[in-house]
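These notes are about the structure you will find just below.
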Amino acid sequence: MYETILVPIEMGQIDRAGAMLSAARYLLTTAGRITCLTVLPEIPGYVAADLPRNLDENLVEEANAALSKIINATGVVAAIDIQIGHAAQTILAVAEQTGAELIIIGSHRPGLEDYLLGSTAGRVVRHAACHVLVQR
């Protein structure tokens, strides 16, 4: 059983979030806490110049609404944290900041870029200072 669990959820795989949160609830102690994290990609300045000014704010609001909907549907009590940055680095930083004892992260079928660069889940598994559960 774990006191602090971090559940990073990619918006493109939100349909898997329910199962990840259920696993977190099962592995959580009665006094523990779950944090749902979504990391939105940082938009380069040269691209952002051509996009609406409040795009980041809209993406954060949409992610917050999607996570809230999943959390409410599963009945899991969890905090929501939405960050902008590099996915693996941000997940590892938030895990360290929150003192996470376990990270439950989803994995997908690897594409060519994953074989060349490594997936986010792979990077988290290799560099995390805590336990990592990879859900397929």
Exercise: identify the closest heavy-atom pair between R123 and A88: CB-CB, 3.7 Å
Hphob cluster co-occupancy, I71 + V60, side-chain heavy atoms under 4.5 angstrom: yes
Flag, side chain of R16 to backbone of S107, donor-acceptor distance under 3.5 Å: yes
L92 CG to Q97 CD distance, which is reported to the nearest 0.5 Å: 11.0 Å
Shortest non-hydrogen contact from C130 toward E101: CB-O, 3.5 Å
Side chain to side chain, I103 and P8, heavy atoms closer than 4.5 Å: yes
Same apolar cluster (I L V M F W Y, side chains within < 4.5 Å links), Y2/I9: yes
Pair V7-L37, side chain to side chain contact (heavy atoms under 4.5 Å, CB included): steps then yes or no: CA-CA 6 Å; V7 184; L37 171 68; over 6 Å; no
Candidate pair L28 and R33, rule side chain to side chain contact (heavy atoms under 4.5 Å, CB included), full reasoning: CA-CA 7 Å; L28 191 68; R33 71 185 188 323; 5.6 Å; no
Working for side chain to side chain contact (heavy atoms under 4.5 Å, CB included), residues L133 and L27: CA-CA 11 Å; L133 173 66; L27 295 170; 4.1 Å; yes
Non-hydrogen side-chain atoms of I70 and L21 separated by less than 4.5 Å: yes
Single-linkage hydrophobic cluster I80~I84, side-chain heavy atoms < 4.5 angstrom: yes
Check: L40 and Q83 side chains under 4.5 Å, non-hydrogen atoms: no
Polar side-chain atom of N72 near backbone of S68 as donor-acceptor pair, under 3.5 Å: yes
V39 and I91: CA distance, side-chain angles, deciding distance, side chain to side chain contact (heavy atoms under 4.5 Å, CB included) verdict: CA-CA 8 Å; V39 182; I91 292 167; 4.2 Å; yes
Hydrophobic cluster identity match, L102 and V125, side-chain contacts under 4.5 Å: no
Over all atoms of both residues, closest heavy-atom pair of I104 and A23: CD1-C, 4.0 Å
M1 reachable from Y26 in the ILVMFWY side-chain graph, under 4.5 Å edges: no
Non-hydrogen side-chain atoms of E10 and I105 separated by less than 4.5 Å: no
Approximate separation, where rounding is to 0.5 Å, of L6 CG and E96 CD: 12.5 Å
Nearest non-hydrogen partners of G106 and A121, listed with the distance: O-CB, 3.8 Å
H131, NE2: over 12 other non-hydrogen atoms inside 6.0 angstrom: no
Gap separating the CD atom of Q13 from the CD atom of Q135, nearest 0.5 angstrom: 9.5 Å
Distance-only polar pair, side chains of T29 and E3, donor-acceptor under 3.5 Å: yes
Interatomic distance, E61 atom CD to I82 atom CD1 [nearest 0.5 angstrom]: 9.5 Å
